[in-house]
Structure formats: structure tokens, C-alpha cells
Amino acid sequence: MTTGPVLTVEGLTTSFRVKRGGRMRRIAAVKDVSFTLNQGEILGIVGETGCGKTTVGRSIIRLVKPEKGEVRFGGVNVQALSDSKLRPIRLGIRMVFQDPFASLNPRRKVGDSIAEAGDIHGLFDGLDDRARQVAETLSAVGLDPSFAERFPHELSGGQRQRVGIARAILPSPKVIIADEPVSALDVSVQAQVLNLLADLQEKMRLSLLFISHDLAVVGQISDRVAVMYMGHILELAPTQEIFAKPKHPYTAALMAAVPRPDPAVRIKGSTEVSEPPSRLEEAAGCPYVQRCPIATALCSKTMPPLRVVADGELVACHNA
Ligand SMILES: Nc1ncnc2c1ncn2[C@@H]1O[C@H](COP(=O)(O)OP(=O)(O)O)[C@@H](O)[C@H]1O
Ligand SMILES: [Mg+2]
């Protein structure tokens, strides 16, 4: 069951200054991105490497500073908060990363890594309570509580990602942003971690923003899917609709590159097409115009807004 929005992103625009051809240029990594994440929903964000998915996630929790737009969580505009007021955000919106090995301190016991947010924010009522909460969280992610005493190098990739998820859920967040959480895992382990995320979403009434370049993976877990290309959302629709009848030509091309979402036979990374060129901020028109089979003159001039084309289906295309 999903109800109203828990997280609202409106007109999010994030740029980076990079050196190009000997001088500093601004690259718009995320441009005018808007969506809502509803209570109890899994919203997938899919798109090729470099399209801006990670930057959306990092902008939401203010790991990078967006130049425009609003992020509302629990009725508060996150972008307007002073750094000292970020605590509810740091506890309420938690990240799971692609490479749990990189995000775990190799010299810290797993239990201490899981307890980190609780330690920082004073969530534990003494050491017994800390140990109890760590043990409960380990069980919740399908690991024996004895894992608290182990070190990351003693764990398999799947176990490490379970620890990454445990770190995220310990403070009982409302939202989890999972950025390529299964992309570093063997295909056989991917399904187990996806199942765990789906289970936790249901049990903890979480809302999940699930980021992946892999359309088949996104399709397996998401209620709705947002398709990104060069910083823009080009289509956002319920998963069934988007798989049955993609409305944006780019979504259709992505679908064609996915044989059939059978995770057992899928070869990891096979759906990833060549990286699209990065876009300078001043570029006008639809970012997909050069690759689009149905582009018209208007498409080079004006970026089509994301508009409602059917119930709950949004498409940014002049010709869809
Ligand atoms: N810290 C950064 N500095 C400069 N450019 C960046 C930075 N982070 C991301 N980018 C650029 O922003 C664009 C989007 O990157 P990213 O959000 O990581 O995409 P994705 O997660 O979809 O692969 C890319 O062109 C990338 O090179
Ligand atoms: Mg990324």
C-alpha cells in the first residue's frame, strides 16, 4: 500500500565545474529533476552511466549542494536547513552504496560500523542497548549476531552488502536511497539482496529510492520507474506500464537493449550502452535529439517538459 509523498524533489539542478579544453566549464549533471517518492513505495531511477543518478541521490541528502530546486522531507525544505539542523535528515534518509567494501572501514568491526550513526546521534541507552540494537539489526538483514565481531575482509560480497544495509536501517529511517546496491555483486547474490531490500521495505514501511543502470534489476523491484538521460528525467511511469509500453523513444531503446528480464541468464553489465557525452549547461533542446528516430526541428530548440500523458505516466517528449 502506498500513500502520500514522503520525499518531494522539485526542479533539482546540480552542476559541477570541470576543466574542459583548457578552461573551467560548468557541467549540468542534474537538470530540473522533479519527482515524488510516496510512502511505502519503491521508486527506481535508471539510466546509463554518467546520466546523473548518483548526483540526484547525493543532492537529496546534501552531500553535494544543488544550485536550484527544492527537496522536501517531512514537511521541511532540506536545502534551506542549516548544517546544524540536518540531524533529522541524516537519520531519516539513509544511503546504501554500490561497493560496501569501500564504505566500510576495514579496521573496524562490523558491529561498530553498524552502530556508527547511533553512536554519533546518541541513539543508544548504554552499551547493552547498543549491543542489542546491533544484534537485532544484523538479524533483520539475515546475518547471525556474531557477525558484529567480524571484520569486513572476512565477509563475502553479499554479506558485506547486508552489513551496508544494516548500517542504513539501524536508525529506523523513513527513506533509503540505494545507489547501485547490487551492481558489484554476482548475479546469483543480486536476487538475494534485492529480496532483502523488498522485505525490509515492507516490514519497516520504508520508502526506497532504488538507483541502477540496469533496467532489468530496476524492473524487478520497483513500483514506478524514472528514466534519466543526461541529467533529465525523460519518462516516469508505473513499472508495468513502462515495460509493456515505453512512451519515450529513449526508454524504448533501453528496453530493446534488455533481452528479457530473466536475472538467471543475464550477463552482468550487458545492458549498459556506451556512455553519452556530458552536456554543457548552455545546451538547449532535448538531450536525446541526436540519437532520436522521431526528432523534429522543435526538439533541437526546446526541451520538452515532463508532462502527464496517461494516469500516473509522465513523458518529456514533444512527439510521444
Ligand atoms: N564530483 C564531481 N565533479 C565533477 N563532475 C562530476 C562529479 N560527480 C559527478 N560528476 C559528473 O556528473 C555527471 C553525472 O554523474 P553521476 O551522477 O555520477 O552519474 P551516474 O550515477 O548516473 O553514473 C557525469 O558527467 C559525471 O562525470
Ligand atoms: Mg552512479
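Because only heavy atoms are used, hydrogens play no part in the values below, and waters and symmetry mates are left out as well, while side chains stay in.
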Quiz item: Do the side chains of M230 and L12 join up, straight or via other hydrophobic residues, at under 4.5 Å, putting them in one cluster?
Solution: no
Practice problem: Considering non-hydrogen atoms only, spot the tightest contact between S34 and L236 and give its length. | Solution: O-CD1, 4.5 Å
Quiz item: Does R167 reach the side chain of L104, with side-chain heavy atoms less than 4.5 Å apart?
Solution: yes
Quiz item: Which value, rounded to the nearest 0.5 Å, describes the distance between Q220 atom CD and T239 atom OG1?
Solution: 11.0 Å
Exercise. Would you mind reporting whether C286 and H318 have side-chain heavy atoms less than 4.5 Å apart?
Key: no
Self-check item: Separation between CG of L314 and CZ of R307, rounded to the nearest 0.5 Å
Solution: 10.0 Å
Practice problem: Give the minimum heavy-atom separation between G158 and V189, together with the two atoms involved. | Solution: CA-CG1, 3.6 Å
Practice problem: Taking all heavy atoms of A148 and all of K109, pick out the closest pair and write down the distance. | Solution: O-CB, 3.5 Å
Quiz item: Do side-chain atoms of K53 reach the backbone of I45 as a donor and acceptor pair under 3.5 angstrom?
Solution: no
Quiz item: Under 3.5 Å, is there a donor-acceptor pair between the side chain of R224 and the main chain of E313?
Solution: no
Exercise. Enter the distance from L155:CG to Q161:CD here, rounded to the nearest 0.5 Å.
Key: 11.5 Å
Quiz item: Is any side-chain heavy atom of P304 less than 4.5 Å from a side-chain heavy atom of C299?
Solution: no
Quiz item: Looking at CZ of R160 and CD of E154, how far apart are the two atoms once the value is rounded to the nearest 0.5 Å?
Solution: 11.0 Å
Quiz item: Could you give the distance from CG (N195) to CG (L200), rounded to the nearest 0.5 Å?
Solution: 11.0 Å
Quiz item: Would a 4.5 Å heavy-atom cut-off, applied to side chains only, mark F73 and I60 as touching?
Solution: no
Exercise. State which residue, out of N38, V78, T36, L37, fulfils the side-chain contact (heavy atoms from CB on, under 4.5 Å) condition with L7.
Key: L37
Exercise. State, to 0.1 Å, how close I169 and A140 come at their nearest heavy-atom pair, and which atoms those are.
Key: CD1-CB, 4.2 Å
Quiz item: If you measure from the Lys or Arg side-chain nitrogens to the Asp or Glu carboxylate oxygens, is any gap between E241 and K247 under 4.0 Å?
Solution: no
Practice problem: For the residue pair T55 and T14, confirm or rule out a side-chain donor-acceptor distance under 3.5 Å. | Solution: no
Exercise. Return yes if some donor-acceptor pair links the side-chain N/O of T13 with the main-chain N/O of K31 below 3.5 Å, else return no.
Key: no
Quiz item: Where do R162 and G142 come nearest, in terms of heavy atoms and distance?
Solution: NH1-CA, 4.2 Å
Quiz item: Would V193 end up clustered with L43 when hydrophobic side chains under 4.5 Å apart are linked, directly or stepwise?
Solution: no
Quiz item: When rounded to the nearest 0.5 angstrom, what is the spacing between CG in L197 and CD in Q201?
Solution: 9.5 Å
Practice problem: Say whether, by atom type as modelled, one donor and one acceptor occur between the side chain of D144 and the main chain of S146 under 3.5 angstrom. | Solution: yes
Exercise. Ignoring hydrogens and angles, tell me if any N or O in the side chain of S183 forms a donor-acceptor pair with the backbone of Q98 under 3.5 Å.
Key: no
Quiz prompt | Cation-pi geometry met for R150 and F147 (6.0 Å, 45°) | solution = yes
Quiz prompt | V64 with V30, same ILVMFWY side-chain cluster at under 4.5 Å | solution = no
Quiz item: Do Q39 side-chain atoms and S207 backbone N/O form a donor-acceptor pair below 3.5 Å?
Solution: no
Quiz item: Is the shortest heavy-atom distance from the side chain of L123 to the side chain of L91 under 4.5 Å?
Solution: yes
Quiz item: Taking the six-membered ring for Trp, are Y250 and Y229 parallel (under 30°), tilted (30 to 60°) or perpendicular (over 60°)?
Solution: tilted
Quiz item: Do R17 side-chain atoms and M24 backbone N/O form a donor-acceptor pair below 3.5 Å?
Solution: no
Quiz item: Any link between V33 and F210 through a network of hydrophobic side chains (Ile, Leu, Val, Met, Phe, Trp, Tyr) touching at under 4.5 Å?
Solution: no
Quiz item: Does a side-chain heavy-atom distance below 4.5 Å link V6 with V175?
Solution: yes
Quiz item: Does the side chain of I61 come within less than 4.5 Å of R90's, by heavy atoms?
Solution: yes
Quiz item: Are any of the side-chain nitrogens in R130 or D112 under 4.0 Å away from the carboxylate oxygens of its partner?
Solution: yes
Practice problem: Please check if the side chain of E180 supplies one atom and the backbone of H213 the other of a donor-acceptor pair under 3.5 Å. | Solution: yes
Quiz item: Given D83 and R62, is the salt bridge (Lys or Arg N to Asp or Glu O under 4.0 Å) satisfied, shown in steps?
Solution: CA-CA 9 Å; D83 288 347; R62 286 221 339 215; 2.7 Å; yes
Quiz prompt | salt bridge (Lys or Arg N to Asp or Glu O under 4.0 Å) between E67 and R26, worked out | solution = CA-CA 12 Å; E67 77 189 63; R26 284 186 92 78; 3.2 Å; yes
Quiz item: How close do V96 and P181 get, heavy atom to heavy atom, and via which atoms?
Solution: CG1-CB, 4.1 Å
Practice problem: State whether the side chain of D179 and the backbone N or O of F97 hold a donor-acceptor pair below 3.5 Å, judged by distance alone. | Solution: no
Self-check item: Cluster check I221, I242: I/L/V/M/F/W/Y, side chain < 4.5 angstrom
Solution: yes
